[in-house]
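In the text below, chain A, chain B and the rest are named by the order of the sequence lines, each starting its count at 1.
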Protein chains: 2
Amino acid sequence: MTLPKRVTITDVAEAAGVAASTVSRALSTPGRVNATTRDHILEVAERLGYVPNPSARAMSSGRTHTFALLVPDITNPYFAGAIKGAERAAAAAGKTLVLGDTQESPSVERELVQRLGPAVDGLVIAAARGTDEDLAAAAGRHRLALVNRTLPGVAGVPSVVADYDAGTRQIVDHLVSLGHESLVFLAGPHESWSGARRWAGLLAAAESSGVAARRLGPYQPTLQGGPAAADAALAARATAIVCHNDMLAIGVLRRLAGRGVRVPDDVSVVGFDDMFGADFCQPALTTLAERTEDAGACAIDLLLRPGSAATVVVPTQLKVRDSTGPCR
Amino acid sequence: MTLPKRVTITDVAEAAGVAASTVSRALSTPGRVNATTRDHILEVAERLGYVPNPSARAMSSGRTHTFALLVPDITNPYFAGAIKGAERAAAAAGKTLVLGDTQESPSVERELVQRLGPAVDGLVIAAARGTDEDLAAAAGRHRLALVNRTLPGVAGVPSVVADYDAGTRQIVDHLVSLGHESLVFLAGPHESWSGARRWAGLLAAAESSGVAARRLGPYQPTLQGGPAAADAALAARATAIVCHNDMLAIGVLRRLAGRGVRVPDDVSVVGFDDMFGADFCQPALTTLAERTEDAGACAIDLLLRPGSAATVVVPTQLKVRDSTGPCR
DNA sequence: TTGAAAGCGCTAACAG
DNA sequence: CTGTTAGCGCTTTCAA
């Protein structure tokens, strides 16, 4: 099966009886072309089925009209929102989005930055796993925006972060209103930037409310991390358990059920992320929702409009469901 | 913040004291270059941090080393596997994967094919929503591979499909062994190719086993579709409900629980997909698992090796969990 | 084995 | 407002 040869701008120019550059202008800066000739050109282009060659366009203009989004694990539903938001923002701006899976690995992340960087107008790294140095190096070579990570000391790297301070405040207030006087935080990996922010926020909010907060872990932030984490929380006689993320929280829920501990009667459980499934697990999970789709879209917007090298804070929202209740 | 100018092949050539074409050869066809000069060139390229410009490469070679994957909804966990598999297969081959979200819309799908097609070496469309004509047109212009869809009558379009015949057979056998003598299929959208295949397989298997099968619907294949679907199944006095997919099945489960119908004591429920969450919903869902990651990877492989215009069948596997039990 | 040279398709000065 | 003319960075003949 042979594919038909592509229609080029020259074909259109010939067919329309104008110069190639005029066709180019008619397409990219319609204002600078006589309305009649423009309409004619567009009509001819349409008829011939002309589609500009992105590579050629990139060659001469220097812009690829493409962005890359790097996530630690594509299959993790937590990132689905950011991916969708980024894809939508990119598509809305007529841009293409390239997706990269860093497999939770700093080195794969570095490689991808190097491989994809030259092919795109900018990179979004969500939940970057690399060191500050890695990211600074990347920022030196490419336009970069971060999601749920900041790069202190390096100017010009915009980022979008969830409002964990307000969010953890909400969690603590919620638990306090239920009569809880202490909480246990089941931590995820030490390297996790958002994990650190979550714990810091929780600790600050707890202190200001006179709630005792303890951190246990680190645990695997997965279903498999649940048993060890749940057992530790139980051993610590926790009445309220706040988990690094929903995956771990659901794992904890299962373990508690397996051990005959009732949620929320015996113990309350809170997660982070409001991940897909958090509403239909048993019991439905109280969790801090991040607007990940907005975050993804916002990161692309930051790339689209350079100069706005700000840190954008996206609000979070506590979803109260069935896994939290009055302190026993 | 200004980004440093990229190192080009000419820079490397000058620094190494050779012609640009020699550098090009040293990089892409190392065999055709004197070992000593080649090593020298590679060393210089490395030192200068040279990374080939993909657009320029695409311009002259015609190949972009990029594939596109189109899915109906990026946030649907069902597609996460295919995305990951495709990304991995592409990365393993040194290719780049572009992701497109067709928003479940045939027209967006068409647009994306047109927009992305020229920029890539091939397209994978998963669960294509377009008509056969749309797909035939796409196949005429681009290298194409399909996942869970076939294109009868159009040669040269390879596809990867789940083995629904064997899978539905497994479902029916499972229900029969539990004493069920009839089943109700809660259908998804009529346009769904896989929905049609699922029902056809179910019907054939049921007939050959002397099981009565009825189809109700169509229902929204989402949690929201659950109530209407569950109520209809109840009205039909079903003892075994097979749902178009896990989303719908979980929606059905929730509705049944809400109405006080016990699963699996009063009625058995089966889903399709073994989606993320199917194991931690309540009760854990018996469902037909597809190896979506393999399917995604396989589709990319089909694109990588033209000529193998086959239909690849990926096995399915029934995961028996807690939502199915003996007929009441 | 290597270099010179001709483009790939498009955009961006620069004239006219 | 439009045509001419250079390239963008790379691959690929074609000679040497």
Side-chain angles (χ1 to χ4, degrees), chain A residues 3-42 44-45 48-66 94 96 115 117-121 141, chain B residues 3-42 44-45 48-66 94 96 115 117-121 141:
Chain A
L3 300 175
K5 221 170 105 275
R6 295 274 312 282
V7 178
T8 74
I9 202 171
T10 324
D11 299 331
V12 177
E14 272 181 18
V18 296
S21 52
T22 309
V23 177
S24 174
R25 275 187 292 259
L27 262 38
S28 40
T29 49
R32 298 193 189 174
V33 173
N34 177 294
T36 323
T37 34
R38 182 188 58 214
D39 290 346
H40 178 223
I41 290 171
L42 294 181
V44 171
L48 263 46
Y50 169 70
V51 184
N53 179 324
S55 305
R57 180 172 275 190
M59 281 254 40
S60 45
S61 69
R63 273 156 290 114
T64 61
H65 300 277
T66 301
T96 300
R115 214 165 61 75
V120 302
D121 292 340
R141 287 183 228 298
Chain B
L3 301 175
K5 218 168 110 278
R6 295 273 312 283
V7 177
T8 74
I9 201 171
T10 323
D11 300 331
V12 177
E14 272 181 19
V18 297
S21 50
T22 307
V23 176
S24 174
R25 275 187 292 260
L27 262 37
S28 40
T29 49
R32 296 194 190 174
V33 171
N34 177 296
T36 323
T37 34
R38 181 188 59 214
D39 291 346
H40 177 224
I41 290 171
L42 294 182
V44 171
L48 263 46
Y50 169 71
V51 185
N53 179 323
S55 306
R57 180 172 274 190
M59 282 252 39
S60 44
S61 70
R63 274 156 290 112
T64 62
H65 300 278
T66 300
T96 300
R115 214 164 63 73
V120 302
D121 292 341
R141 287 182 228 297

Please give me the minimum heavy-atom distance between [X] and [Y], naming the atom from each residue.
| X | Y | answer |
| --- | --- | --- |
| A:Ala15 | A:Leu48 | CB-CD2, 4.0 Å |
| A:Met59 | B:Ala56 | SD-CA, 3.3 Å |
| B:Ile41 | B:Val18 | CD1-CG2, 4.0 Å |
| B:Gly94 | A:Arg115 | O-NH1, 3.5 Å |
| B:Ala58 | A:Ser55 | CB-OG, 3.4 Å |

Euclidean distance, atom CG of residue A:Asp39 to atom P of D:dC1 [Å, nearest integer]: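 The answer, rounded to whole Å, is 13 Å.
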
Atom pair distance, as rounded to whole Å: CD1 in B:Ile9 and P in D:dT12: 11 Å

Under the side chain to side chain contact (heavy atoms under 4.5 Å, CB included) test, residues paired with A:Ala45 that sit two or more places apart: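 Result, side chain to side chain contact (heavy atoms under 4.5 Å, CB included) vs A:Ala45: A:Val12, A:Tyr50.
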
Touch class at under 4.0 angstrom, heavy-atom based, for B:Arg63 against every strand present: sugar-phosphate

Sugar-phosphate only, base, or nothing, as touched by A:Thr8 at under 4.0 Å among non-hydrogen atoms: sugar-phosphate

Phosphate contact (D:dT11 OP1 or OP2) by B:Arg57 side-chain N/O below 4.0 Å: yes

Any A:Thr37 side-chain N or O less than 4.0 Å from OP1/OP2 of D:dT2: yes

B:Asp121: partners by side-chain hydrogen bond (donor to acceptor under 3.5 Å, both in side chains), with sequence neighbours left out: B:Thr64

side-chain hydrogen bond (donor to acceptor under 3.5 Å, both in side chains) involving B:Thr36 - partner list, sequence neighbours excluded: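 side-chain hydrogen bond (donor to acceptor under 3.5 Å, both in side chains) list for B:Thr36, sorted by chain: B:Asn34.
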
Where chain B begins and ends its contact with DNA chain C, read 5' to 3' at 4.0 Å from heavy atoms: C:dT1 to C:dG9

Close side-chain approach of B:Arg25 to B:Thr22, heavy-atom, < 4.5 Å: yes

Residue pair B:Asn53 / B:Thr8, side-chain heavy-atom distance below 4.5 Å: no

A:Arg32 side, atom CZ; A:Ser24 side, atom OG - distance, nearest 0.5 Å: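 Going from the CZ atom of A:Arg32 to the OG atom of A:Ser24 covers 11.0 Å.
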
Between protein and nucleotides 4-7 of chain D, what N or O pairs are separated by less than 3.5 Å?
unit_1 : atom_1 : unit_2  : atom_2 : d
D:dT4  : O4     : A:Ser21 : OG     : 3.2

Most 5' of B:Ser61 and B:Ala35 on DNA chain C, judged by nearest nucleotide: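 Looking at DNA chain C, the more 5' nearest nucleotide goes with B:Ala35.
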
End axis versus end axis in the helix from C:dT1-D:dA16 to C:dG16-D:dC1, the angle rounded to 10°, five pairs used at each terminus: 30°

